[in-house]
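A quick write-up on the structure given underneath.
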Amino acid sequence: MSEPSYLAAVRESYDTVADAYAEQVPRPADLDPLARALLGMFAETVREAGLGPLADLGCGPGYVTAHLAGLGAPVFGVDLSPRMVELARRAHPDLAFAVGSMTALGIGTGILGGILAHYSTHHTPPRELPVLYAEFHRTLAPGGLLMLAGHAGTGERTRPTRAYGGRPVSYESHLLPVEKLAELLERAGLVVTARVVQEPEKRSGRTFVTLLARKLANVQAE
């Protein structure tokens, strides 16, 4: 089966910007207190549940992966960009990182105790989100927890030509309403247990949302 064109665009773009991205993206210590607290809560919940490892999907250079590991979570990272994974392995040789697509993780069913998608799903076209969320559902253990964090909007689609120091990119970004994201997660069999919405700041003008969802043993995807 051929790879969707958007994945090729994301891979090529992040390979191109990886080094600049690693220099410019905020470290976990630079995040606002609420964002840091949510990551800490998530790491603790997955660790204490003991249902399986935590996958940081779209891990980039591995900064958040390393932060979660420092909090005691049994975490590994996955990214579509080989260059990002190379940088992550170089910076954090004691952690496991793999090149892969979050739409087809290549791991067994019910393996993961947790999935973190931290600002890593917005390049997925809305029509493809059911495929993505179905893979989250498949790979999570019953009772496993998903934390989905990123920008929300009203359905905007942006198509930048350059990013991170002016490097060329060809990906798109999609900013969906919080209610739509939650609905798609529920349809995939992931029960949304919490929503945290941070209203736009003047600097960014964007709404930030964190959704927590759990796979229940008796919930089947539609």
Side-chain angles (χ1 to χ4, degrees), residues 1-28 30-31 39 43 52-70 73-109 111-129 131-136 138-140 146-151 157-174:
M1 184 171 59
S2 61
E3 178 182 71
S5 59
Y6 82 90
L7 288 178
V10 170
R11 179 187 298 106
E12 180 180 354
S13 296
Y14 278 101
D15 275 347
T16 300
V17 305
D19 292 83
Y21 179 98
E23 293 178 358
Q24 297 177 25
V25 69
R27 274 52 167 184
D30 299 323
L31 298 175
L39 285 171
L54 194 169
D56 179 11
L57 303 183
C59 65
Y63 300 145
V64 175
T65 318
H67 179 71
L68 296 172
V75 63
F76 65 94
V78 178
D79 201 276
L80 189 63
S81 161
R83 179 56 181 167
M84 285 289 196
V85 170
E86 181 183 350
L87 293 176
R89 288 171 173 167
R90 182 185 303 169
H92 310 288
D94 55 328
L95 299 177
F97 296 95
V99 177
S101 170
M102 64 180 75
T103 62
L105 288 169
I107 62 176
T109 298
I111 295 295
L112 300 175
I115 289 175
L116 175 67
H118 195 258
Y119 293 84
S120 59
T121 63
H122 57 283
H123 297 308
T124 306
R127 67 180 182 278
E128 300 290 343
L129 284 175
V131 175
L132 182 64
Y133 294 165
E135 183 70 348
F136 291 174
R138 183 188 71 81
T139 54
L140 279 171
L146 165 70
M147 179 172 163
L148 177 70
H151 301 298
R157 182 181 70 170
T158 61
R159 305 179 69 178
T161 57
R162 295 188 179 276
Y164 301 104
R167 277 74 171 179
V169 294
S170 57
Y171 53 60
E172 297 181 347
S173 293
H174 305 268

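Atoms considered below: every heavy atom in the structure, side chains included; atoms not considered: hydrogens, waters and symmetry mates.
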Tell me if the aromatic rings of Tyr6 and His123 count as close, with their centers under 6.0 Å from one another.
no
Is the closest side-chain heavy-atom distance between Leu132 and Glu128 below 4.5 Å?
no
Looking at side-chain heavy atoms only, is the closest gap between Asp19 and Tyr164 below 4.5 Å?
no
Does His67 form a side-chain contact (heavy atoms from CB on, under 4.5 Å) with Leu39? I'd like the steps, not just the answer.
CA-CA 9 Å; His67 179 71; Leu39 285 171; 4.3 Å; yes
For Val78 and Asp56: C-alpha separation, side-chain torsions, deciding distance, then whether side-chain contact (heavy atoms from CB on, under 4.5 Å) applies.
CA-CA 6 Å; Val78 178; Asp56 179 11; over 6 Å; no
Arg162 vs Val169, test: side-chain contact (heavy atoms from CB on, under 4.5 Å). Steps then yes/no.
CA-CA 5 Å; Arg162 295 188 179 276; Val169 294; 5.6 Å; no
Looking at every non-hydrogen atom in both residues, tell me the closest pair between Pro26 and Asp30 and how far apart they are.
CB-CB, 4.2 Å
Does this structure show an ion pair linking Arg89 with Glu86, if we count only N-O contacts that are shorter than 4.0 Å?
no
Can you check whether Ala88's main-chain N or O pairs, donor with acceptor, with Tyr63's side chain at less than 3.5 Å?
no
Could you check whether any side-chain heavy atom of Tyr21 comes within less than 4.5 Å of a side-chain heavy atom of Arg167, counting everything from C-beta outward?
no
What's the spacing between Thr124 OG1 and Tyr133 OH if we round to 0.5 Å?
8.0 Å
Restricting to non-hydrogen atoms, name the atom on Asp79 and the atom on Gly60 that form the minimum distance, rounded to 0.1 Å.
OD2-N, 2.7 Å
Restricting to non-hydrogen atoms, name the atom on Leu80 and the atom on Val99 that form the minimum distance, rounded to 0.1 Å.
O-CG1, 3.9 Å
Student check: side-chain heavy atoms of Leu54 and Phe76 closer than 4.5 Å
no
Pro126 versus His174, closest heavy-atom pair with distance
CD-ND1, 3.5 Å
Heavy-atom distance under 4.5 Å between the side chains of Cys59 and Val64, does that happen here?
no
Nearest heavy-atom contact between Leu68 and Ala43 is CD2-CB, 3.9 Å
Could you go through the side-chain contact (heavy atoms from CB on, under 4.5 Å) check for Thr139 and Ile111 one step at a time?
CA-CA 6 Å; Thr139 54; Ile111 295 295; 5.8 Å; no
Relative to the ring of His92, is the ring of Phe97 parallel (under 30°), tilted (30 to 60°) or perpendicular (over 60°)?
tilted
Test your reading of the model: is there a side-chain donor-acceptor pair from Ser13 to the backbone of Val10, 3.5 Å cut-off?
no
Partners passing salt bridge (charged side-chain N to carboxylate O under 4.0 Å, His left out) against Arg159 (at least two apart in sequence or in another chain):
Glu172
Is the closest side-chain heavy-atom distance between Pro82 and Asp15 below 4.5 Å?
yes
Identify the heavy atoms of Ala66 and Leu95 that sit nearest to each other, and give their distance.
CA-CD1, 3.6 Å
Rounded at 0.5 Å granularity, tell me how far CZ in Arg11 sits from OG in Ser81.
8.5 Å
Arg83 side chain near Tyr14 side chain, heavy-atom distance below 4.5 Å
no
Worked verdict on Arg138 versus Thr109 for side-chain hydrogen bond (donor to acceptor under 3.5 Å, both in side chains):
CA-CA 5 Å; Arg138 183 188 71 81; Thr109 298; 3.2 Å; yes
For residues Pro53 and Leu112, determine if any side-chain heavy atom of one lies less than 4.5 Å from a side-chain heavy atom of the other.
yes
Check for a donor-acceptor pair, side chain of Glu135 on one end and backbone N or O of Leu105 on the other, with a separation under 3.5 Å.
yes
